[in-house]
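Structure first, then comments.
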Amino acid sequence: MLLTRLARVSQEVAATSARSRKIALLAELFRDAEPADVPIVIPYLAGRLPQGRLGVGWKVLSRPVAPAAEPTLTVREVDALLGALGKVSGAGSQAERARLVGELMAAATEDEQRFLLGLISGEVRQGALDAVAIEGLAQATEAPSADVRRAVMLAGSLQTVAEALLADGPPALDRFRLTVGRPVLPMLAHSASSVAEAVDKLGACAVEEKLDGIRVQIHRDGEVVRLYTRTLDDITDRLPELTSAALELRGERFILDGEVIAFDEDGRPRSFQEIAGRVGSRVDVTTAAETVPVSPVFFDALSVDGRDLLDLPFGERHAELARLVPEPMRVRRTVVAGPEDVSAAEEFLAETLKRGHEGVVAKSLDAPYSAGRRGASWLKVKPVHTLDLVVLAAEWGHGRRTGKLSNLHLGARTADGGFAMLGKTFKGMTDAMLTWQTERLQELAVDTAGHVVTVRPELVVEIAYDGLQKSTRYPAGVTLRFARVVRYREDKRPQDADTVETLLAAHPEVRP
DNA sequence: TTCCGACAGTGGGGTCGCAAT
DNA sequence: ATTGCGACCCCACTATCGGAA
């Protein structure tokens, strides 16, 4: 199949906003793909490269290359070239990668270049990723979409399911079962603004500590243990403590879901930054393990002794977990009967925060494990802090925010009467706010060159954030975690904004 | 008819590791 | 040695479609 066909379909998919139309367009293309093209065409149209990342980013992609006049590239040629690109390493590799990208782009027409650019940079912006591609695949093969989706979650890969399905038809879906050693996409949580709201929605539920670490799925088959992250990367070699912990458990074969965290000498949880650094360390694992030893804390069991527990209600899965995992290695929790019990849940949240954790997750006791989905049966509750900060500058947006000032630079007052930048945010704005702030900030602009518009520090904005963390980037030595806009405070003047001093006082556990 | 779940998009900060300077 | 870049951890929120209520 020619790449130009994919580029054209991707453009059509992007042009329509109707999801049903996107699905139909993808299905038509999938039907026409030759078997050898399938493992390439499916991920490409889901906006992803089968090779994953290539070591090529904006720096290389932004170099313009004269396009070819006629479309001649086949998807298999492109795949072969990108495959080679991903394998380049060692000295001179950056130049070699740039050369290969240049070669590919020179062989592509203008439309194809645009498509390849989006693909390699991970920004296809066609309004269809895996979930829509799954629907398209289901339509193309006349398989029930729920079955296809389930198979993809269990395989952890759209591509393998697509190949099997297009080769052998719907019966091939039966081959995808929960298997120890093959990671499944983890279940995710929604947010609730309070414990009361969460308990109200769920009724009888477990309220569990929410630990601020790294999600881990642990597989044991006899003496073999493997660990996977939320995105199904294998991190077994980086966390030897977890392998030991898994081997000490009573079961021989199981899949558990949990979080990796670390404690300091006083038994307080270490900061997310320290844990993420540890999990990210690959080269000198021994030293990293001595500096920041980690522990697993489990909260769910997906498979025990070859039995698939995914469809069991959470209450029953937890009973299995409790049989296998001793108390200290399980997440702390309390069970509430319903809204009449909300004070117990609130008390548990207060205790959890006192122990230094992030918040709680309320989980319905009768919900199955919805792999890969952000089910409404898990609701996280975290305390939210707010500040009044001053807008120091704004950046022009991309994609659907093109032409709008989007990303705000936020400052707090300093002792000398100036402002210290604490970070940026583009979150929480409605379209109306984007339009309004684009106009207002341009009135305040003092420097409009480049993609950052610097403004007079006069506009006060209320910002919500999850916490403070250390920073080497910002002048106060700290930055806000997950900052988002609540509303503009036109009733406040910049001299009414919060100061760095009060911010630091509110978070005594964080020192710049 | 209205409501709500699921999705895609828009990027944020930090850290590590590798290659280039 | 230091710097720049890319990959991957964590994440919030809004707009929109389309099925459920």
Side-chain angles (χ1 to χ4, degrees), chain A residues 13-14 16-23 46-47 52-61 88-97 120-135 149 188-191 212-216 229-233 235 238 259-260 271-284 288 358 370 372-377 380 382 384 395 397-402 404 406-410 422-434 463-474 478-486:
Chain A
V13 170
T16 174
S17 63
R19 202 167 297 165
S20 47
R21 176 82 186 126
K22 289 178 194 285
I23 292 166
R53 305 255 58 94
L54 299 175
V56 174
W58 278 111
K59 261 283 160 321
V60 171
L61 293 177
V88 177
S89 66
S93 61
Q94 282 187 13
E96 176 62 6
R97 276 197 289 266
I120 298 171
S121 69
E123 294 172 60
V124 174
R125 291 179 174 142
Q126 61 183 14
L129 297 173
D130 268 13
V132 175
I134 287 170
E135 295 291 327
R149 190 164 52 224
L188 306 170
H190 268 158
S191 293
D212 194 12
I214 307 283
R215 187 78 174 267
V216 67
T229 64
R230 199 166 89 98
T231 49
L232 310 190
D233 284 313
I235 51 165
R238 301 183 216 169
E259 191 90 359
V260 180
S271 74
F272 172 76
Q273 283 169 302
E274 289 175 284
I275 299 161
R278 166 64 208 281
V279 176
S281 299
R282 272 167 294 191
V283 174
D284 190 355
E358 222 189 340
S370 328
R373 320 212 80 184
R374 210 168 269 286
S377 46
K380 55 184 165 186
K382 295 189 281 183
V384 175
E395 297 173 18
H398 300 92
R400 68 182 299 282
R401 291 193 178 185
T402 302
K404 296 278 164 42
S406 168
N407 201 3
L408 304 178
H409 295 200
L410 305 167
L422 288 177
K424 310 180 192 180
T425 185
F426 55 90
K427 298 179 179 119
M429 299 147 186
T430 61
D431 284 3
M433 284 167 84
L434 281 165
I463 297 294
Y465 66 104
D466 277 18
L468 202 61
Q469 56 185 357
K470 281 201 213 185
S471 171
T472 53
R473 179 176 311 207
Y474 293 110
V478 292
T479 187
L480 304 178
R481 195 157 177 220
F482 310 135
R484 60 268 189 192
V485 171
V486 179

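- The environment of Arg21(A) atom CZ is sparse: at most 12 non-hydrogen atoms of other residues, nucleotides or ligands sit within 6.0 angstrom.
- Taking atom CZ of Arg230(A) as the reference point, atom C1' of dC10(C) lies 8 Å away to the nearest angstrom.
- Between Tyr474(A) and dG13(B) there is a side-chain polar atom (N or O) within less than 4.0 angstrom of OP1 or OP2.
- Heavy atoms of Ala483(A) sit nowhere under 4.0 angstrom from any nucleic acid atom.
- Across all strands, Lys404(A) comes closer than 4.0 Å to no nucleic acid atom at all (heavy-atom distances).
- Close to dC9(C), at under 4.0 Å from its OP1 or OP2, lies a side-chain N or O of Thr231(A).
- Of the possible donor and acceptor atoms, none in the side chain of Arg19(A) sits under 3.5 Å from a partner among the backbone N and O of Val132(A).
- Checking side-chain atoms of Arg230(A) against main-chain N and O of Ile214(A) turns up no donor-acceptor pair under 3.5 Å.
- For dG14(B), the OP1/OP2 oxygens have a side-chain nitrogen or oxygen of Arg473(A) closer than 4.0 Å.
- Residue Ala464(A) is classed as having no contact, given no heavy-atom separation below 4.0 Å to the nucleic acid.
- The side chain of Lys380(A) places an N or O atom within less than 4.0 Å of a non-bridging phosphate oxygen (OP1 or OP2) of dA12(C).
- At least one donor-acceptor pair under 3.5 Å links the side chain of Lys22(A) to the backbone N or O of Val13(A).
- In the set dG14(B), dA6(B), dA8(B), the nucleotide with an atom closest to the side chain of Arg19(A) is dA6(B).
- One finds the CD atom of Glu135(A) at 12.0 Å from the CG atom of Asp130(A) (value rounded to the nearest 0.5 Å).
- Of the possible polar contacts, none joining the Arg401(A) side chain to the Leu434(A) backbone as a donor-acceptor pair under 3.5 Å is found.
- Nucleic acid contact class of Asp233(A) (heavy atoms, under 4.0 Å, all strands): sugar-phosphate only.
- Contact annotation: Ser406(A) reaches the phosphate of dG11(B) (side-chain N/O to OP1 or OP2, under 4.0 Å).
- Proximity note for His190(A) (side chain, C-beta onward) versus dA6(B), dT10(B), dG13(B): the nearest is dA6(B).
- Within 4.0 Å of Ile275(A), counting heavy atoms only, lies no atom of the nucleic acid at all.
- Projected onto DNA chain B by closest heavy-atom contact, Lys424(A) and Ser93(A) fall at different nucleotides, the more 5' of which corresponds to Lys424(A).
- The residue from Lys382(A), Lys380(A), Arg481(A) that alone fulfils the salt bridge (Lys or Arg N to Asp or Glu O under 4.0 Å) condition with Asp466(A) is Lys382(A).
- Within 4.0 Å of Val279(A), counting heavy atoms only, lies no atom of the nucleic acid at all.
- Contact annotation: Gln94(A) side-chain N/O to dA19(B) OP1/OP2 distance is not under 4.0 Å.
- Contacts of Thr430(A) with the nucleic acid, taken as non-hydrogen atoms under 4.0 Å apart, involve only primed sugar atoms and P, OP1 or OP2.
- Gln126(A) comes within 4.0 angstrom of sugar-phosphate atoms only, judged by non-hydrogen atoms across all strands, and of no base.
- Without hydrogens or angle criteria, Gln273(A) side chain to Lys470(A) main chain gives a donor-acceptor distance under 3.5 Å.
- The side chain of Phe426(A) approaches dA12(C) more closely than any other nucleotide in the set dT16(C), dC10(C), dA12(C).
- Listed pair Thr229(A) / dC8(C) fails the phosphate criterion, with no side-chain N or O lying under 4.0 Å from OP1 or OP2.
- Close to dG12(B), at under 4.0 Å from its OP1 or OP2, lies a side-chain N or O of Asn407(A).
- Among the heavy atoms of the strands lying under 4.0 Å from Arg484(A) are primed sugar atoms or P, OP1, OP2 only; no base atom is included.
- Checked against dC7(B), dA12(C), dG12(B), the side chain of Ser191(A) finds its nearest nucleotide in dA12(C).
- Whole-Å rounding puts the Asp212(A) CG to dC9(C) C1' distance at 11 Å.
- Nearest-nucleotide mapping onto DNA chain C: of Arg215(A) and Val485(A), the residue sitting toward the 5' end is Arg215(A).
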Audit row: Glu123(A), Trp58(A), side-chain contact (heavy atoms from CB on, under 4.5 Å) steps and yes/no
CA-CA 11 Å; Glu123(A) 294 172 60; Trp58(A) 278 111; 3.5 Å; yes

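- At least one side-chain nitrogen or oxygen of Arg125(A) sits closer than 4.0 Å to the OP1 or OP2 atom of dT10(B).
- Contacts of Ala131(A) with the nucleic acid, taken as non-hydrogen atoms under 4.0 Å apart, involve only primed sugar atoms and P, OP1 or OP2.
- Nearest-nucleotide positions on DNA chain B place Leu422(A) closer to the 5' end than the other of Gly92(A) and Leu422(A).
- Contact check, Lys427(A) against dG12(B): no side-chain N or O comes under 4.0 Å of OP1 or OP2.
- With dC10(C), dA12(C), dG18(C) as the candidates, the nucleotide lying closest to the side chain of Lys382(A) is dA12(C).
- Between its opening and closing five pairs, the helix from dA8(B)-dT14(C) to dT21(B)-dA1(C) changes axis direction by 10°, a value rounded to 10 degrees.
- In this model, the phosphate group of dG9(B) is not approached by any side-chain N or O of His398(A) to a distance below 4.0 Å at OP1 or OP2.
- Phosphate proximity of dG17(B) to Arg282(A): absent, as no side-chain N or O sits under 4.0 Å from OP1 or OP2.
- For Val132(A), the side-chain atoms get nearest to dC7(B) when compared with the rest of dC7(B), dG13(B), dC5(C).
- Using a 4.5 Å heavy-atom cutoff, the side chains of Tyr474(A) and Lys424(A) are in contact.
- An OP1 or OP2 oxygen of dG12(B) is reached within less than 4.0 angstrom by no side-chain nitrogen or oxygen of Arg481(A).
- DNA chain C is contacted by both Trp58(A) and Arg21(A); Trp58(A) maps to the nucleotide lying nearer its 5′ end (nearest heavy atom per residue).
- OP1 or OP2 of dG18(C) lies within a sub-4.0 Å distance of a side-chain N or O belonging to Ser20(A).
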